[in-house]
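This report refers to the structure that appears directly beneath it.
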2 protein chains.
Amino acid sequence: MRPQKIADDQLLPALTRVFRTKGYEGASLKELAEVTGLKKASLYHRFPDGKQEMAESVLEYMGQWVTTNIFNILTKEEFPPETRLKHALVQIGKLYDGGKDGCIFRAFSMQAGLDLFQEGIKKGMNDWLNAFKNLGTAMGLSDKIAEENALQSLIDIQGSLILSKGLQDNNIFKNTLKKIENRYG
Amino acid sequence: MRPQKIADDQLLPALTRVFRTKGYEGASLKELAEVTGLKKASLYHRFPDGKQEMAESVLEYMGQWVTTNIFNILTKEEFPPETRLKHALVQIGKLYDGGKDGCIFRAFSMQAGLDLFQEGIKKGMNDWLNAFKNLGTAMGLSDKIAEENALQSLIDIQGSLILSKGLQDNNIFKNTLKKIENRYG
DNA sequence: GTCTATAACAGGATAGAC
DNA sequence: GTCTATCCTGTTATAGAC
């Protein structure tokens with residue numbers, strides 16, 4: 001067999017960039033091939049089920065990144081919750097490149113994407129909620145308040161990403177991260 | 001000339017429904033023709049510049065609806081600001097059908113849509129901010145606080161719409177509207 | 001103003017050579 | 001495992017009859 005032209009751990013980030021900026025329908029195989037340096041037929045060798053499988057893999061890849069770099073930090077009991085939150089917010093800032101990059105949930109949230117990935121999106125969002133709720137209870141909040149804070153934190157992240165894009169002002173996102181930190185202060 | 005099969009004021013809502021749920025790329029002329037009851041060629045008669053012009057018209061149509069039904073209420077000096085807010089929030093609930101419908105800004109916020117409508121989206125979002133800021137100052141808030149509240153209100157609306165869709169729970173959106181009301185309480 | 005028909009192209013997907 | 005070549009379908013858009 002020929003050597004892989006691009007390893008999986010380089011392939012997925014490249015595909016991710018396209019899906020995040022273009023959405024599911026907007027991401028064409030032509031562009032997905034270009035950014036990976038592979039021909040379309042080679043992409044089908046890696047992902048026999050085509051575009052849908054590529055998008056699924058991207059969703060899973062993002063989920064793993066977030067689990068490793070955000071959830072695991074938020075719930076790491078060795079550190080005080082204030083420290084965990086601070087570190088996690090830095091990682092969230094990285095995830096969205098300071099507001100420049102969009103969320104994959106949003107990118108897959110138009111009809112076509114929802115038809116395929118509704119369950120994965122729901123699960124992913126619930127994972128975010130649980131991680132933040134875990135942090136809240138570690139800070140001594142009641143279950144109810146911890147849940148409310150978690151939900152509001154996600155609303156803030158998603159909403160501020162939309163407004164940052166629409167108003168072309170990444171400070172909206174950055175300030176929102178600070179606001180989240182203060183809410184738990 | 002033959003009679004119009006569908007008047008502009010019926011045509012635009014139909015187009016709007018498709019663009020809102022599918023996004024710019026996901027909205028096909030085939031479906032746009034179906035929902036309007038017109039053939040594709042007839043759509044081109046109404047919108048010579050094709051899909052882009054249809055989307056522009058939808059954006060403008062939504063802007064007018066919002067101006068009439070939300071901004072004008074929020075800034076109507078005859079009524080006390082608390083009343084204005086209450087009425088406006090009811091209209092916002094209608095605009096998004098209790099969380100079931102998405103925002104046109106979001107639908108046009110993937111790359112292809114931004115390339116075409118960035119300026120329109122930015123202007124539309126600033127109109128929302130100004131209307132809410134106007135309300136805040138009418139309630140006696142400082143300029144700075146009124147601006148902060150306006151921004152947070154939009155973040156709440158956009159974020160809660162995303163989470164409502166992703167988690168398939170429209171109560172997230174509905175509760176957020178109540179929360180906005182309380183913030184100005 | 002709407003229609004049928006069709007052009008021109010892009011998109012997703014596959015076959016088979018190397 | 002990657003490639004070239006190709007297929008087929010869907011998509012945007014236009015021509016011209018009514």
Side-chain angles (χ1 to χ4, degrees), chain A residues 1-59 61 107-108 110-117, chain B residues 1-59 61 107-108 110-117:
Chain A
M1 311 186 187
R2 288 195 187 180
Q4 276 194 343
K5 239 182 131 179
I6 177 171
D8 278 26
D9 61 350
Q10 296 299 322
L11 187 50
L12 286 173
L15 297 178
T16 299
R17 281 190 291 277
V18 179
F19 279 114
R20 277 176 92 169
T21 53
K22 306 291 179 82
Y24 185 75
E25 307 242 11
S28 70
L29 289 191
K30 184 172 185 293
E31 184 170 7
L32 291 167
E34 282 171 2
V35 298
T36 56
L38 291 174
K39 300 298 175 183
K40 285 193 281 182
S42 303
L43 272 180
Y44 273 90
H45 179 79
R46 300 284 197 99
F47 305 93
D49 287 340
K51 187 171 164 176
Q52 178 170 349
E53 188 180 353
M54 296 180 216
E56 268 167 16
S57 302
V58 162
L59 206 50
Y61 165 72
F108 288 168
M110 288 292 106
Q111 190 64 61
L114 283 178
D115 289 347
L116 297 172
F117 308 118
Chain B
M1 310 185 186
R2 289 197 187 180
Q4 276 194 344
K5 238 184 131 179
I6 178 173
D8 278 27
D9 61 351
Q10 295 300 320
L11 187 50
L12 286 173
L15 297 178
T16 299
R17 281 190 291 277
V18 179
F19 279 114
R20 278 176 90 168
T21 53
K22 306 291 179 83
Y24 185 75
E25 308 241 12
S28 69
L29 290 190
K30 183 173 186 292
E31 185 171 6
L32 292 168
E34 282 169 2
V35 299
T36 55
L38 290 175
K39 300 298 173 184
K40 286 189 281 183
S42 303
L43 273 180
Y44 273 91
H45 179 79
R46 299 284 197 99
F47 304 94
D49 286 341
K51 188 171 164 176
Q52 178 170 349
E53 188 180 352
M54 296 179 216
E56 268 168 16
S57 302
V58 162
L59 207 51
Y61 165 72
F108 288 168
M110 288 292 105
Q111 190 64 60
L114 282 179
D115 289 347
L116 297 172
F117 308 118

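The sequence lines fix the lettering, A, B, ..., with proteins before strands; numbering per chain opens at 1.
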*The side chain of A:Arg46 lies closest to which of these nucleotides: D:dG1, C:dG1, C:dC3?*
D:dG1

_Distance check, rounded to the nearest 0.5 Å: B:Leu12 atom CG versus B:Phe47 atom CZ?_
5.0 Å

*Below 4.0 angstrom from OP1 or OP2 of C:dG12, is there any side-chain N or O of A:Lys51?*
yes

*Quick one: does A:Arg2 reach the base of C:dC18 with a side-chain donor-acceptor pair under 3.5 Å?*
yes

*Closest to the B:Tyr44 side chain: C:dT14, D:dT2, D:dT12?*
D:dT12

*Enter the distance from B:Arg17:CZ to B:Thr36:OG1 here, rounded to the nearest 0.5 Å.*
10.0 Å

*Output yes when at least one side-chain N/O atom of B:Lys5 is less than 4.0 Å from OP1 or OP2 of C:dC3, else no.*
yes

*Once you round it to whole Å, what is the distance between P of D:dT12 and CG of B:Leu32?*
8 Å

_Counting only side-chain nitrogens and oxygens, does B:His45 get under 4.0 Å of the OP1 or OP2 atom of C:dG1?_
yes

_Using heavy-atom distances to pick each residue's nearest nucleotide on DNA chain C, tell me which of A:Pro48 and A:Lys30 is more 5'._
A:Lys30

*Look at all strands and tell whether A:Ala33 reaches a base, only sugar-phosphate, or nothing, counting heavy atoms closer than 4.0 Å.*
nothing

*Rounded to whole angstrom units, what separation is found between the CD atom of B:Glu34 and the P atom of D:dG10?*
12 Å

*Give the nucleotide from the list C:dT2, C:dT4, D:dA13 with an atom nearest to the side chain of B:Lys40.*
D:dA13

*What's the verdict on side-chain contact (heavy atoms from CB on, under 4.5 Å) for A:Glu53 and A:Ser57, showing C-alpha distance, side-chain angles and the deciding distance?*
CA-CA 6 Å; A:Glu53 188 180 353; A:Ser57 302; 4.3 Å; yes

_Length of the CD-C1' vector between A:Glu25 and C:dG12, whole Å_ = 12 Å

*Could you check how far CG of B:Leu29 sits from C1' of D:dT9, rounded to whole Å?*
16 Å

*Indicate the atoms forming the closest heavy-atom contact of B:Lys5 with B:Gly37, along with that distance.*
NZ-O, 3.0 Å

*Value rounded to 0.5 Å, distance of NE2 in A:His45 from CG in A:Leu43*: 11.0 Å

*Atom-pair distance (CG on B:Leu11; P on C:dG1), nearest Å*: 12 Å

*Rounded to the nearest Å, what distance is computed from the CD atom of residue A:Gln4 to the C1' atom of nucleotide D:dG1?*
8 Å

_Taking 4.0 Å as the cut-off, does a side-chain nitrogen or oxygen of B:Ser42 come that near to OP1 or OP2 on C:dG1?_
no

*asked:* Heavy atoms only, 4.0 Å cut-off, all strands: where does A:Ser28 land among base, sugar-phosphate and nothing?
replied: sugar-phosphate

*Rounded to whole angstroms, how far apart are CZ on A:Phe47 and P on D:dG1?*
12 Å

_Atom-pair distance (OH on B:Tyr24; P on D:dT12), nearest Å_ = 8 Å

